[in-house]
Amino acid sequence: MHLGDHHNTPAVSADAHRPDGTRRALRIGLGGPVGSGKTATVAALCRALREELSLAVVTNDIYTREDAEFLLREAVLPPERISAVETGACPHTAIRDDISANLEAIEDLEEEVGPLDLVLVESGGDNLTATFSKGLVDAQIFVIDVAGGDDIPRKGGPGVSTADLLIVNKTDLAPYVGSDLARMAADAKAQRGELPVVLQSLRSEEGVRDVADWVRARIAAWTA
Ligand SMILES: Nc1nc2c(ncn2[C@@H]2O[C@H](COP(=O)(O)OP(=O)(O)O)[C@@H](O)[C@H]2O)c(=O)[nH]1
Ligand SMILES: [Mg+2]
């Protein structure tokens, strides 16, 4: 289910080229609370897009490499296309303030397996306030889920209100946790205006389809 216009002008960070003059990959960040489905969405996007795009993933974990290991186990991409950044104590810092470890991981991927069309950067376990630096990613997706409480869209916060795409994940669980999807959609719209919202269940047949279409549109705008 799609709400709003998904053809907004991309927020493109300043330098679209690598030092050697070639166009770098479009970089999309995925943030949101622990357990909302970021890694599962990354895995589904890799499966949906890997035949048509050259892609790679950077994960951020606090002390472990669990997200990267999950993606490796699931074999969503060849191992050399998955890179893990261990962020230490504060996962916000690595995507917002000191982004050097992430930038280095992306540049290494571009060198080793490039040219790349797309790099997905998953943030480490964080809360509702973490957003990516515009120096690190060109667009950001914020992932929340229906089991986290249906008042989250109403409460807002920078991720919910300003991310380029908001995903309300796990709609299959709504009946079990008493979440009102229509209300979540309306609250999200009130916070976000024209910015798009996708309600999805990765357990359904459509799965990540709407989000994959949104990514395709961003890639088309990036390479135009
Ligand atoms: N029922 C249901 N479970 C999901 C869905 N998406 C992800 N999950 C599960 O939710 C848990 C947390 O997902 P994960 O992607 O690891 O969350 P992350 O911490 O945001 O990266 C895992 O057990 C996933 O299999 C969904 O759409 N529906
Ligand atoms: Mg994860």
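In each ligand, atom 1 is the first atom listed, and ligand 1 is the first ligand listed. Owing to the predicted nature of the structure, the values given are computational and were not obtained by experimental measurement.
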Donor-acceptor pair between Q200 and N169 side chains, under 3.5 angstrom: yes
Minimum-distance atom from the Mg ion (ligand 2) among N, O or S atoms of D67: OD2
Beyond-backbone contact of T39 with E122, side-chain heavy atoms, under 4.5 angstrom: yes
Inter-residue atom distance K155.NZ - Q191.CD, 0.5 Å rounding: 12.0 Å
Partner set under side-chain hydrogen bond (donor to acceptor under 3.5 Å, both in side chains) for D145, not counting sequence neighbours: none
Gap separating the CG atom of D150 from the CZ atom of R183, nearest 0.5 angstrom: 4.5 Å
Partner residues of T22 under the side-chain hydrogen bond (donor to acceptor under 3.5 Å, both in side chains) criterion, sequence neighbours left out: D20
D61 backbone or side-chain N/O/S under 2.8 Å from the Mg ion (ligand 2): no
Name of whichever N/O/S atom of E122 is nearest to the Mg ion (ligand 2): OE2
Partners passing salt bridge (charged side-chain N to carboxylate O under 4.0 Å, His left out) against E104 (at least two apart in sequence or in another chain): none
Within the 4.0 Å heavy-atom sphere of ligand 1, strictly under, residues: P33, V34, G35, S36, G37, K38, T39, A40, E122, N169, K170, D172, L173, S201, L202, R203
Reported CG-to-SG distance for the pair L120 and C46, which is rounded to 0.5 angstrom: 5.5 Å
Contact check: T59 to the Mg ion (ligand 2), N/O/S below 2.8 Å: no
